[in-house]
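Working notes, beginning with the structure itself.
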Amino acid sequence: MPVRSGHVAQSLKKLTFYSSLLAIGYVASLTLNHDARQESERSDSNSKIINNNLPNIDSNIPTDQPSLTELYAQVAGDIHKKFESQIENLEAKVLHLDNTKKSHPNVKFLPENQRKRILVTGGAGFVGSHLVDSLMIDGHEVIVVDNFFTGRRRNIEHWIGHENFELIHHDVVEPLYIEIDEIYHLACPASPPHYMYNPIKTIKTSSIGTLNMLGLAKRVNAKILLASTSEIYGDPEVHPQVESYWGHVNPIGPRACYDEGKRVAETMCYAYQKQSGVEVRVARIFNTFGPRMHMADGRVVSNFILQSLQNEDITIYGSGKQTRSFQYVTDLVDGLIKLMNSDVSSPVNIGNPDEHTILDFAEIIKKLVNNNYHASNSMIKHLPANEDDPQMRRPDISKARKEIDWWPRVPMMMGLERTIEYFDNELKQVERNKPNQFLPDEHKLNFERT
Ligand code: NAD
Ligand code: UDP
Ligand code: UDP
């Protein structure tokens with residue numbers, strides 16, 4: 001921005017300088033004209049003031065002419081005033097443009113032969129927007145397709161207007177015809193309240209939406225990565241969950257629209273791979289948290305943090321003895337990119353094996369809020385258990401370690417601190433009625449990305 005403003009200031013200085021030159025030139029021509037006319041008058045004292053050979057630029061000079069000095073001063077003053085007011089207008093316009101101009105985070109420059117055109121479906125959502133940040137910063141061209149069911153423009157608004165970025169408001173249930181090299185297919189509501197809100201739409205998104213993306217991948221010969229889920233293991237009878245486990249899913253329960261939707265999405269990936277030679281990647285994602293989770297997401301991390309920060313009761317569904325293992329969002333993004341760039345086409349678990357009971361988790365969050373913000377008066381409140389709620393979940397990530405050289409780097413506590421800070425800021429923004437934007441730079445935690 002300073003570079004641009006400096007450049008504009010220089011241009012304006014030049015304009016002022018040239019306008020002065022122009023004024024001097026104009027006055028000089030006026031003088032010549034005036035002298036020539038006097039000369040003409042002298043040579044023919046009977047003739048009137050007519051000189052067709054000279055431009056009639058001084059026709060408005062009265063016959064009882066002012067002195068030359070007065071004339072110069074008056075004309076030069078008029079011209080300067082005119083230019084000054086034009087320059088003022090220009091300055092105001094430039095200032096306005098500078099203020100409204102978007103500044104984007106820095107991106108790497110990639111030569112044409114290394115730069116990919118990458119489609120991220122669901123790119124305005126929680127995980128998708130972080131993935132978009134990474135791909136953009138790495139220098140690729142990114143096209144986001146989202147229907148904004150749970151995603152938000154502000155998650156990606158810092159890229160809008162960037163030459164490498166495009167946003168398409170589109171529902172993946174409808175066919176999509178674009179040209180791309182890779183597809184990260186994330187479009188699908190992920191939080192239980194969101195995917196249960198309209199189960200038929202969730203099924204259509206997972207089935208027809210994935211079919212369309214596979215059809216697109218087939219037509220343009222693109223690689224496609226499906227964001228699958230640990231939910232395909234259902235309420236597991238094998239612990240921790242390995243990729244070879246087939247799962248334990250109730251096909252007619254309330255979670256089935258999501259679980260079975262993702263299972264059929266995986267099935268379609270392998271059908272397209274086998275029948276049409278489409279190159280597929282399947283990431284089985286375990287519980288993930290971080291900034292840009294929706295305030296009304298309804299998942300356990302956002303619920304507990306918001307409840308603690310606002311001194312509301314912490315809601316535990318059931319006994320709280322059920323377990324989950326939580327990974328920070330940047331770890332997931334690194335895993336997705338590594339998987340896409342690997343040659344592993346079979347499913348891979350991406351998650352953090354750091355397992356906790358939900359009750360423990362509530363205490364951890366309450367303590368973090370107490371230590372870093374204010375004494376939280378939140379009490380634990382038990383509500384009825386959710387139907388078919390998986391009782392234990394922990395990924396076995398040996399395959400990811402071995403085959404794509406990936407494992408989580410961000411300790412859960414560090415990720416939680418960052419996420420609490422984000423939600424605290426969100427609450428303040430809401431109070432001040434301001435839009436919020438979490439920029440990629442704010443991710444610089446004390447660890448190196450691999
Ligand atoms: P999210 O709800 O924040 O993001 C989903 C995005 O998809 C949103 O932007 C939403 O508007 C968009 N979307 C939904 N239906 C669409 C449609 N029909 N057409 C176009 N866009 C549509 O959820 P998230 O947590 O970012 O999850 C992203 C993906 O990762 C999902 O596929 C989810 O199943 C998977 N996943 C997430 C987690 C997790 O813990 N976050 C765990 C397992 C799997
Ligand atoms: N499709 C799409 N974009 C494309 C190609 C296909 O959205 O660039 C959709 C298409 O509308 C179809 C689905 O993907 O419904 C599956 O395509 P495929 O070519 O595999 O099947 P077909 O069109 O032969 O049924
Ligand atoms: N949960 C809870 N209170 C909440 C939200 C969730 O006790 O306010 C529990 C939920 O019953 C589940 C676990 O936390 O056992 C994780 O739920 P979440 O919705 O985050 O994700 P899931 O892993 O079930 O998809």
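Both ligands and their constituent atoms are indexed starting at 1 by order of listing. Residue numbers run from 1 in the order of the sequence given. Values below: all heavy atoms of this structure, side chains included; hydrogens, waters and symmetry mates excluded.
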Close-contact set for ligand 1 against A187 heavy atoms, below 4.0 Å: 7 (O), 20 (C), 21 (N), 22 (C)
Honestly, for R255 the part within reach of ligand 3 (heavy atoms, under 4.0 Å) is side chain
Could you check which of T150, L186, D146 puts a non-hydrogen atom nearest to atom 1 (P) of ligand 1? T150
Report yes if some N/O of T315 lies less than 3.5 Å from some N/O of ligand 3; otherwise report no. yes
Counting only N and O atoms by type, is there a donor-acceptor contact under 3.5 Å from the side chain of D138 to the main-chain atoms of H140? no
Just by distance, do the side chain of K262 and the backbone of A227 share a donor-acceptor pair under 3.5 Å? yes
Heavy-atom nearest option to atom 16 (C) of ligand 1, drawn from T121, N198, V145, N147: N147
Would you say the side-chain atoms of R117 pair up with the backbone N or O of D181, donor to acceptor, closer than 3.5 Å? no
As a check for students: among A227, S228, C188, A190, identify the option with a heavy atom nearest to atom 44 (C) of ligand 1. S228
Within the 4.0 Å heavy-atom cut-off, what M213 brings close to ligand 2 is neither
Number the atoms of ligand 1 from 1 as they appear, then name those within less than 4.0 Å of a heavy atom of G122, with their elements. 6 (C), 7 (O), 9 (O), 12 (C)
Min heavy-atom dist F361 to ligand 3 below 4.0 Å: no
So the atoms of ligand 3 within less than 4.0 Å of a heavy atom of P192 turn out to be 19 (O), 25 (O)
Indicate, as side chain, backbone, both or neither, the part of L216 found under 4.0 angstrom from ligand 2 when only non-hydrogen atoms are considered. both
State, without any angle test, whether E355 and T323 hold a side-chain donor-acceptor pair at a distance under 3.5 Å. yes
Closer than 3.5 angstrom, by distance alone: can the side chain of R263 be matched with the main-chain N or O of I232 as a donor-acceptor pair? yes
Give the atoms of ligand 3, by number and element, whose distance to some non-hydrogen atom of N303 is under 4.0 Å. 4 (C), 5 (C), 8 (O)
How close does the nearest protein non-hydrogen atom get to atom 21 (O) of ligand 2, and which residue and atom is it? Y272 OH, 4.1 Å
Ligand 3 N/O within reach of Q322 N/O, cut-off under 3.5 Å: yes
Would you say H194 has any N or O atom under 3.5 Å from an N or O of ligand 1, going by distance alone? no
NZ/NE/NH1/NH2 to OD/OE distance under 4.0 Å, E88 and K93: no
Please work out which of I208, V278, N212 has its closest non-hydrogen atom nearest to atom 13 (C) of ligand 2. N212
So for R393, does at least one of its heavy atoms come nearer than 4.0 angstrom to any atom of ligand 3? yes
Checking heavy atoms under 4.0 Å, the part of F148 that sits near ligand 1 is backbone
Note: T205, heavy atoms under 4.0 Å from ligand 1, region reported as side chain
Note the single closest protein heavy atom to atom 4 (C) of ligand 2, along with its residue, its atom name and the distance in Å. Y177 CE2, 3.3 Å
What atoms of ligand 3 come within less than 4.0 Å of a heavy atom belonging to N386? 11 (O)
Near D389 (heavy-atom distance under 4.0 Å), the atoms of ligand 3 are 10 (C), 11 (O), 12 (C), 15 (O)
With atoms numbered from 1 as shown, which atoms in ligand 3 lie under 4.0 angstrom from a non-hydrogen atom of I316? 7 (O)
Could you tell me whether P175 and ligand 2 have an N or O pair separated by under 3.5 Å? no
What residue and atom, counting heavy atoms only, is the protein's closest point to atom 4 (O) of ligand 1, and at what distance? G125 CA, 3.6 Å
Report the member of M268, R219, K218 with the shortest heavy-atom distance to atom 18 (P) of ligand 2. K218
So is there a nitrogen or oxygen of N287 less than 3.5 Å from a nitrogen or oxygen in ligand 3? yes
Under 4.0 Å from a heavy atom of R299: which atoms of ligand 3 are those, numbered in the order shown and with their elements? 19 (O), 20 (O)
Would you mind listing which atoms of ligand 3 come within a distance below 4.0 Å of any non-hydrogen atom of E231? 25 (O)
Residue, atom name and distance, where the atom is the protein heavy atom closest to atom 41 (N) of ligand 1: R299 NH1, 2.8 Å
Can you list the ligand 3 atoms lying under 4.0 Å from a non-hydrogen atom of F304? 3 (N), 4 (C), 8 (O)
Taking atom types as modelled, is there a side-chain donor on Y233 or N349 under 3.5 Å from an acceptor on the other? yes
Using a strict cut-off of 4.0 Å, indicate which atoms of ligand 1 neighbour a heavy atom of K262. 31 (C), 32 (O), 33 (C), 34 (O)
Do K367 and S376 get their side chains close enough for a donor-acceptor pair, meaning under 3.5 Å? no
